[in-house]
Asker: 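Please see the structure below; I have some questions.
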Amino acid sequence: MPTTPNVRELTADELADAWQLGRLAFGSAPQPPPHATTPVPGMTRYGAFDATGRLVGKAVDLHHDQWWTGRPVPAADVAGVAVAPEARGRGVARELLRALLRGAHERGAAVSALFPTVGAPYRACGWEVTGVLRTVDLPTAVLTRPRTTGRLAVRPGDLADLPAVFDLYEQVTRHRNGLLTRRGPVFDHYRDQFTADDPPFDGLTLVEQDGRLVGYAGWNRGRGYGPDAVLTVEDLFATTADAARELVGVLASWHSVTPTLRLTPLPGDALAAQLPLEKAREHEQDTWMHRPVDVARAVGERGWPGHARGSVEFTLDDELADWNTGTWRLEVADGAAQLTRVTTEAALHLSVRGFALLYAGAATAQSVTDAGLLRCATGADPRALDLLAAGGPAHLLDYF
């Protein structure tokens, strides 16, 4: 096989081969789901081919949007990266990701996230670990059941309630950072598949106040009712403390048949303030990584906290996305920011991984310096780049 494989978008006829490559890599079920072998709006699927034309690698660009302080930022979220065992260690994944970033840049993406099975290859391509998606188990018996006040109505939901459910999710998440908007062609495609016989959850519990949705829980029942039975809460959101208490009370009512409640908490939200998370034990942790696709768009298209104000110049290195390489001036004021190119020499020299850490609020400029991802000229203060981290920590709740 040549050192550099031929990387291009996959055709519809090649999706079955891509599925088989992924099945071998990830141990998936033998039969593919329908979306795996048919084109899906909002997905760009890339393949790497050797000199004989054999498919030796694949990767998927998911055309997501991410919330960043009230504004949706176009993303190229990466999934399904797989390389044939005989082709591993030859730079196939790197060339796939290089092509994916180039295509994502051309279509206007600004940022990228992924969940790695191993971090080193992605770090070598500019992604950096910026958070962890935690799934925890709680003993259902430790949840409290509040006294009913009569101000809120609790009822089961159905497909007709999903638009209100999606709106409430947006109310909770839009002012945070990193969370998917759950808008766009990918999500529309899967929502169109929901039917009364095949809903997104086994059950949907709604909490309403004066006919307005203020909280919901989407849950899957699982099997059995013995000591190993688990109620998995796929989605759990509330916009008021009272709604959160009502939802916790409904979940507490399962204690006799599902001793364990499994959920993914969102730090600092209305539900986290009501759940006894000190009793939780880790079920699963999924590390996620972030990187800019286009640094100017990543800065200019997101929202910024109103208190952030200032400017700083830095030089950035980005080997895979060379349009990001150069010296930049960051200016932040009045809830907005911009990056502009400058010709003066900067005292701060930032790697793309360091940019990812700061942008996602996962580190301070001093700790990025300690990690060797930011170099400072003699006498320069790295803390000037804390301006890039002013938005606070990012989170992800959707595994892809």
Side-chain angles (χ1 to χ4, degrees), residues 64-73 75 77 111 113-115 129-140 142-144 157 162 164-183 187 200-201 203-207 213-220 230-252 260-290 302-303 305 359-362 391-400:
H64 289 158
D65 288 332
Q66 299 173 5
W67 286 121
W68 288 87
T69 316
R71 296 180 62 183
V73 175
D77 289 336
V111 294
L114 58 82
F115 288 91
V129 174
T130 45
V132 177
L133 174 61
R134 296 176 60 235
T135 303
V136 302
D137 286 349
L138 269 172
T140 315
V142 304
L143 303 183
T144 58
L162 290 183
V165 164
F166 301 148
D167 287 345
L168 187 137
Y169 166 83
E170 184 169 305
Q171 290 179 53
V172 173
T173 59
R174 67 176 295 122
H175 297 294
R176 289 175 172 261
N177 291 328
L179 296 168
L180 301 190
T181 65
R182 298 186 180 175
R183 297 176 179 177
F187 284 97
F201 315 110
L204 179 62
T205 299
L206 307 181
V207 180
L213 187 66
V214 290
Y216 75 90
W219 44 267
N220 288 319
V230 177
L231 182 75
T232 301
V233 184
E234 305 290 353
D235 251 8
L236 183 64
F237 296 101
T239 57
T240 69
D242 285 345
R245 281 188 285 268
E246 288 284 356
L247 286 171
V248 171
V250 171
L251 297 175
T260 298
L261 176 72
R262 184 164 294 157
L263 72 153
T264 303
L266 178 60
D269 77 339
L271 270 302
Q274 303 298 328
L275 291 166
L277 293 174
E278 73 281 0
K279 305 289 187 182
R281 58 186 183 275
E282 297 291 328
H283 170 70
E284 192 171 42
Q285 289 194 11
D286 293 295
T287 296
W288 57 272
M289 307 179 83
H290 211 266
R302 65 171 284 176
Y359 184 89
H395 301 99
L396 265 178
L397 286 179
D398 295 285
Y399 186 89
F400 46 82

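Note that this is a predicted model, so its numbers are computed, not measured.
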Asker: Holding to side-chain hydrogen bond (donor to acceptor under 3.5 Å, both in side chains), I want the full list of residues that pass it with Asp398, two or more places apart in sequence or in another chain.
Answerer: Arg182

Asker: So Leu180 and Gln66, do their side chains get closer than 4.5 Å, heavy atoms only?
Answerer: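 The answer is yes, as the side chains (C-beta and beyond) meet within the 4.5 Å cut-off.
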
Asker: Going by side-chain contact (heavy atoms from CB on, under 4.5 Å), name the residues that satisfy it together with Asp286, two or more places apart in sequence or in a different chain.
Answerer: Phe115, Leu133, Glu284, Tyr399

Asker: What residues, two or more places apart in sequence or in another chain, satisfy side-chain hydrogen bond (donor to acceptor under 3.5 Å, both in side chains) together with Arg134?
Answerer: Glu282

Asker: Please collect all side chain to side chain donor-acceptor pair (under 3.5 Å) contacts where either partner lies in residues 237-247, sequence neighbours excluded, each pair once.
Answerer: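 Qualifying pairs, neighbours excluded: Arg151-Asp242, Asp242-Arg245.
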
Asker: Distance check, rounded to the nearest 0.5 Å: Asp77 atom CG versus His290 atom NE2?
Answerer: 7.0 Å

Asker: Could you go through Thr140 and Val142, starting from their C-alpha distance and side-chain angles, then the distance that decides it, and tell me whether this counts as side-chain contact (heavy atoms from CB on, under 4.5 Å)?
Answerer: CA-CA 6 Å; Thr140 315; Val142 304; over 6 Å; no

Asker: Work out which heavy atom in Trp219 is nearest to a heavy atom in Leu204; give both atom names and the distance.
Answerer: NE1-N, 4.1 Å

Asker: Should Glu170 and Arg183 count as side-chain neighbours, where that means a heavy-atom distance under 4.5 Å?
Answerer: yes

Asker: Say you draw a straight line from CG of Leu114 to CH2 of Trp288; how long is it, rounded to the nearest 0.5 Å?
Answerer: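 Between Leu114 CG and Trp288 CH2, I get 10.5 Å after rounding to 0.5 Å.
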
Asker: How close do Ala252 and Leu143 get, counting heavy atoms only, and between which atoms?
Answerer: CB-CB, 3.6 Å

Asker: Run the ring-ring contact (aromatic ring centres under 6.0 Å, His included) test against Phe187 and tell me which residues pass, sequence neighbours left out.
Answerer: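 ring-ring contact (aromatic ring centres under 6.0 Å, His included) list for Phe187, sorted by chain: His64.
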
Asker: Nearest 0.5 Å, what's the CG-OG1 distance between Leu231 and Thr260?
Answerer: 10.0 Å

Asker: Just how far is it from atom CG of Leu275 to atom CG of Leu251, taken to the nearest 0.5 Å?
Answerer: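 Reported to 0.5 Å precision, the distance equals 8.0 Å.
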
Asker: Mind listing the closest non-hydrogen atom pair of Asp235 and Tyr216 along with its distance?
Answerer: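 What the structure gives for the nearest pair is OD2-OH, 3.0 Å.
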
Asker: Which distance, rounded to the nearest 0.5 Å, do you find between the CG of Asp137 and the CG of Leu263?
Answerer: 8.5 Å

Asker: Which distance, rounded to the nearest 0.5 Å, do you find between the CZ of Phe237 and the CG of Leu247?
Answerer: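 Between Phe237 CZ and Leu247 CG, I get 11.5 Å after rounding to 0.5 Å.
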
Asker: If I compare all heavy atoms of Ala244 with all of Ala238, which pair ends up nearest, and what's the gap?
Answerer: N-CB, 3.7 Å

Asker: Determine the sole option in Asn220, Leu138, Thr135 for which the side chain to side chain contact (heavy atoms under 4.5 Å, CB included) test with Arg262 is passed.
Answerer: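 Only one option passes, and that is Thr135.
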
Asker: Can Arg302 be said to sit on top of Tyr359's aromatic six-ring, NZ or CZ under 6.0 Å from centre and within 45° of the ring axis?
Answerer: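 Cation-pi check for Arg302 and Tyr359: passes.
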
Asker: Please report the closest heavy-atom contact between Ala360 and Trp68, naming both atoms and the distance.
Answerer: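 Where Ala360 meets Trp68 most closely, the heavy atoms are CA-CH2, 4.0 Å.
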
Asker: For Pro267, enumerate each residue passing the side-chain contact (heavy atoms from CB on, under 4.5 Å) test, keeping only those at least two apart in sequence or located in another chain.
Answerer: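 Partners of Pro267 by the side-chain contact (heavy atoms from CB on, under 4.5 Å) criterion, ordered by chain and then number, come out as His395.
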
Asker: Would you name the heavy atoms of Ala217 and Val233 that are closest together and state the gap between them?
Answerer: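 Closest pair (atom of Ala217, atom of Val233, distance): CB-CG1, 4.5 Å.
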
Asker: Let's go through Leu266 and Val172 carefully: what are the C-alpha distance in whole Å and the side-chain angles of both, what is the deciding distance for side-chain contact (heavy atoms from CB on, under 4.5 Å) to 0.1 Å, and is it a yes or a no?
Answerer: CA-CA 10 Å; Leu266 178 60; Val172 173; 4.1 Å; yes

Asker: Would a distance-only check, ignoring hydrogens and angles, find a side-chain to backbone donor-acceptor pair under 3.5 Å from Asn177 to Gly391?
Answerer: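 It does hold such a pair.
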
Asker: For a 4.5 angstrom cut-off between non-hydrogen side-chain atoms, does Leu162 reach Pro200?
Answerer: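 The answer is yes; the side chains approach within 4.5 Å.
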
Asker: Is there a side-chain contact between Phe201 and Val165 in this structure, where contact means two heavy atoms from C-beta onward sitting under 4.5 Å apart?
Answerer: no

Asker: Can you find a heavy atom in the side chain of Trp67 that is under 4.5 Å from one in the side chain of Arg176?
Answerer: no

